[in-house]
Structures are given as structure tokens and as C-alpha cells.
Amino acid sequence: MTAAAPSLMTSRLRRAAAYVTATVGLMWMGACVPVGTVGMTQDTGQTIDANAPVQVALLVPGGSTQGANQAIASSLENAARMAISDLDGVSIDLRVYNSGSDSAQAAAVATRAVDEGAKIILGPLFADAANAAGVAVAPRNVNVLAFSNNTTIAGGNVFVLGATFENTADRLVRYASGQGISRIGIVHGDDLAGQVGRDAIARAVQANGASVAGIASYPLSQQGITASAAQIAATVKSNGADAVFLTAGVNADLPLLATALPEAGINPADTRYLGLTRWDAAPQALALPGLQGGLFAVPDRAMASNFEARYSSVYGGQPHPLAGLAYDGIAAIGALVAQGRSDALTKAALTQRQGFMGTSGVFRLRADGTNERALSVATVRNNAVVILENAPRSFGRAGS
């Protein structure tokens, strides 16, 4: 290495560090330690009169003193009400409650909502709050469709609507395997989200007949990533990986990592990079060296754009990235009630095989409380997103 090379690497890392924000990505926000589990295995949920208004409680992280949470709360409520207006022949009595971000408050609010007649709960957002709400209303046999993506709280009467690590990892590994990629190294941050992501990737690799070609971690800091890059590269190379799967988030560690690893010798032309998070969430990230030619997953872009445009026309602004989850929850409930089913809010109905059409494509809920969302596989070419394989529009294919 020439004398100028270290300063070049330092300069690139500093530029990448400028992309790192003080807040963690949305995916990470949902990956917090649950306070307990519901533990119920039987069919759950209330029976209803499908010809009468169905009372739904929407739990949002509002509050006049919570700043950003209030904006999220408004966007979630707007999307839910837009979904209600789209229903044909179904009456939803939506009642909105402020669950805050505290688990005790969420449990109390969920209990009050059921006391006031709620037959199903939509929300809350944060994993510990959603878990607490689920535990609180489990004895009342009420299902919870939470906005979290943390699958550790899923099960019993709690379903997670957020895009999960497991779903994304499985989609990408299946596609990569079809492209002849069979040895996948895993590189993760040393926090809870990184560890959960690591395990999801490992399960997807095993399930799709590929092999884990080494696992490496790094501290979540500029210094930690810089210091770890050489060892990560050595681990990946020594295990013969033909791809490296990153858990890193675009608004956190990804910019540093996608700069440091190519500099350390993991050439994306030889070792393909895969991403567990949305690389297109920050446009400047598309110029990062490690992401060129890499693979990541995105929802059905046409449907997502349609939802955003409709939301903007109704409310005069862009929806929060999580707003579509509230719309999806109402859409699922409405679709089942429209069938005239008295069991529309039960687990047996919510987990119908064909799923539901949502704001970003088709999705379905699983009996274990997790979800499957149809995803497109994307890459980065010339600093732009290119779709390699579109998301399916139904779950009717063989093997689905």
C-alpha cells in the first residue's frame, strides 16, 4: 500500500460517516427486547356480527410532548382512515388511543380499548409496547395486529405487520441461490438488531440449501468498523464466501461498512454484497462502493408509489414510511368482514393462505404471528436502483 492510501481510505470513511444519523433505522427501532410472550397456541380472536359496525382500536405512539412520535401517529391514523374509506359494504368504527412508547401505558390503553368495546387492536408500534398490549388483552381473547417487525413478540394473539428480517433474508437467499451463490458470509453489528438479523440470515441460508461461509461482527462506531474491517475481510476470504450478507442499516452503519470492506479487499465484483435493509432509503447510499451490483429487497414499487400518491392527494403530504402498515391492517380486517364471516377477526381467518392485498403488495399472516410479504429483488447499477425480479402479485405459485 502506498503512503497516500491510508489517507484516501480515511477520507472515504469520513465522507461515509457523514451519512450516519443520530437515530437508528426504522427496522432497528422495532427490534427491542420483549417484556414477555403471550404463549397461547389455540385459535384466538373475537367473533362478530359482520353486518354491524366492527369496532377497531388503533393504538398510536402519540402525545403532544413526543415530537416525532406525534407525526408518526398522525400518519398511521390518516392511513387507517383512508383504508376505511376504500372499503365497500363494510363499516369500521375506528377509535384511536395514545399508547405512547411505554409498555405499561400500552397495556393500560389496550385494556381500556377492549373495555370500551374493541374487537381487535391495530398497533402499537414499538415491540415492548405491542408485547405488553398483547399480554394484557390475551385473557379477553382479543387479537393484536402490531406495527412492529420484531418476531420475538409474535405468537398467540399477537401478529406483527412490519417487514421482518426473516422474510427479507429468505427472499434474497432464494434468489441468490438461483444465481449460483452458495457460500454466504454474514457480517453484523454487535447490537441486538445485528444479532437478530444474523440469526435470520443463518436460518434462511440453511433453509435454502446454501452454506454459511463465516460470521463476523463489529462495534457500532466509526472507529469500531474501521478497526474491524481487515478481520472481517480475512474471515470472509478464508471461508471462501462468494457473497457477504450485511445486517447494516442505511442510516446507521451501512455507509461506513460499504466503504471500509471494499477498501479492506472484499471486492463487490468478486464477492456479492447482500443487504437486509432498504438500501434505497437514502439516495446518497447508492453511490457507496460495496453496494454496486449488490442485492437488496424492496416492496412492489408500483403499488407503494400508488399508495403514496393517493395519501398525498388526500392529506397534502407524504405518508410516514410505516403508515402503510395501518392501511394494511384495516384492509385485512375489511376483506374478511366483507366475506360475511363471524370469525373474521380470529386467527383462523387472519391467516388465510391467499393473504391480502396491501399498500406495498400482497402479504399474509402466519399462525406463529409472523408475516410474509411479497418482495422484489433489486440491485444498484450506476448509482441507481434496478429491479431484477418483480414481487409476485399472489401467493398462488408452487411452493408458496
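Note that the coordinates shown come from a computational prediction; the quantities given were computed from them, not determined experimentally. Throughout, residue positions are numbered sequentially from 1 according to the sequence presented.
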Does some side-chain heavy atom of [Y] sit less than 4.5 Å from a side-chain heavy atom of [X]?
X: Leu58; Y: Glu77; value: yes
X: Phe126; Y: Ser148; value: no
X: Ser394; Y: Val362; value: no
X: Pro219; Y: Ser228; value: yes
X: Val337; Y: Ile48; value: yes
X: Asn149; Y: Val160; value: no
X: Leu172; Y: Val377; value: yes
X: Leu276; Y: Ile201; value: yes

For [Y], does its backbone N or O pair with a side-chain atom of [X] as donor and acceptor, under 3.5 Å?
X: Lys347; Y: Gly156; answer: yes
X: Ser238; Y: Thr235; answer: yes
X: Asp253; Y: Leu220; answer: no
X: Ser99; Y: Val60; answer: yes
X: Asn239; Y: Ala241; answer: no
X: Lys119; Y: Asn143; answer: no
X: Asp300; Y: Met303; answer: yes
X: Thr47; Y: Ser342; answer: no
X: Tyr273; Y: Ile266; answer: yes
X: Ser376; Y: Asn390; answer: no

Task: Set of residues satisfying side-chain contact (heavy atoms from CB on, under 4.5 Å) with respect to Arg310, sequence neighbours excluded - done: Met82, Asp86, Asn306, Tyr327

TODO: Step through the shown structure and confirm whether more than 12 heavy atoms of other residues, nucleotides or ligands are within 6.0 Å of CG on Asn382.
DONE: no

TODO: Evaluate whether atom CD of Gln206 has more than 12 neighbouring non-hydrogen atoms of other residues, nucleotides or ligands under 6.0 angstrom away.
DONE: no

Open item on the list: Less than 3.5 Å apart, any donor N or O on the side chain of Thr152 or Asn150 sitting next to an acceptor on the other?
Closed with: yes

- [ ] Scan side-chain atoms only and decide if Thr359 and Tyr311 contain a donor-acceptor pair under the 3.5 Å cut-off.
- [x] no

- [ ] Could you please spell out the steps behind the side-chain contact (heavy atoms from CB on, under 4.5 Å) verdict for Arg272 and Leu295?
- [x] CA-CA 8 Å; Arg272 203 157 191 182; Leu295 302 176; 3.4 Å; yes

Taking all heavy atoms of [X] and all of [Y], pick out the closest pair and write down the distance.
X: His188; Y: Thr247; answer: CA-OG1, 3.3 Å
X: Tyr315; Y: Asn78; answer: OH-O, 2.7 Å
X: Val173; Y: Ala204; answer: CG1-O, 3.7 Å
X: Ala106; Y: Leu59; answer: O-CD2, 4.2 Å
X: Thr277; Y: Gly249; answer: OG1-CA, 3.7 Å
X: Asp242; Y: Ser182; answer: OD2-N, 3.4 Å

When clusters are formed by joining ILVMFWY residues with side-chain heavy atoms under 4.5 Å apart, either directly or through shared neighbours, do [X] and [Y] land in the same one?
X: Ile181; Y: Leu388; result: yes
X: Leu192; Y: Ile186; result: yes
X: Leu325; Y: Phe307; result: no
X: Leu375; Y: Leu322; result: no
X: Leu288; Y: Val385; result: yes

- [ ] Pick out which of Arg373, Arg203, Arg198 makes a salt bridge (charged side-chain N to carboxylate O under 4.0 Å, His left out) with Glu166.
- [x] Arg203

Open item on the list: Does Asn371 form a side-chain contact (heavy atoms from CB on, under 4.5 Å) with Arg364? I'd like the steps, not just the answer.
Closed with: CA-CA 6 Å; Asn371 70 74; Arg364 60 185 171 188; over 6 Å; no

Taking atom [atom1] of [X] and atom [atom2] of [Y], what is their separation to the nearest 0.5 Å?
X: Asp191; Y: Tyr218; atom1: CG; atom2: OH; result: 8.0 Å
X: Leu365; Y: Leu161; atom1: CG; atom2: CG; result: 6.0 Å
X: Asp328; Y: Ser360; atom1: CG; atom2: OG; result: 6.0 Å
X: Arg95; Y: Leu122; atom1: CZ; atom2: CG; result: 15.5 Å
X: Asn208; Y: Tyr175; atom1: CG; atom2: OH; result: 14.5 Å
X: Ile84; Y: Ile333; atom1: CD1; atom2: CD1; result: 9.0 Å

Is the closest basic N to carboxylate O distance between [X] and [Y] below 4.0 Å?
X: Arg174; Y: Asp170; result: yes
X: Glu308; Y: Arg301; result: no
X: Asp368; Y: Arg366; result: no

Task: Verdict with reasoning, Glu372 to Arg171, per salt bridge (Lys or Arg N to Asp or Glu O under 4.0 Å) - done: CA-CA 10 Å; Glu372 180 182 358; Arg171 177 68 167 110; over 6 Å; no

Open item on the list: Could you go through Leu350 and Leu336, starting from their C-alpha distance and side-chain angles, then the distance that decides it, and tell me whether this counts as side-chain contact (heavy atoms from CB on, under 4.5 Å)?
Closed with: CA-CA 8 Å; Leu350 290 167; Leu336 293 168; 3.8 Å; yes

TODO: Could you go through the side-chain contact (heavy atoms from CB on, under 4.5 Å) check for Val386 and Val380 one step at a time?
DONE: CA-CA 6 Å; Val386 176; Val380 180; over 6 Å; no

- [ ] Taking ring pair (Phe, Tyr, Trp, His ring centres under 6.0 Å) as the test, write out the residues that go with Tyr97, two or more places apart.
- [x] none

Task: Cation-pi, Phe395 ring and Arg353 (6.0 angstrom, 45 degrees) - done: no

Task: Member of Thr44, Val54, Val56 meeting the side-chain contact (heavy atoms from CB on, under 4.5 Å) criterion with Leu345 - done: Val54

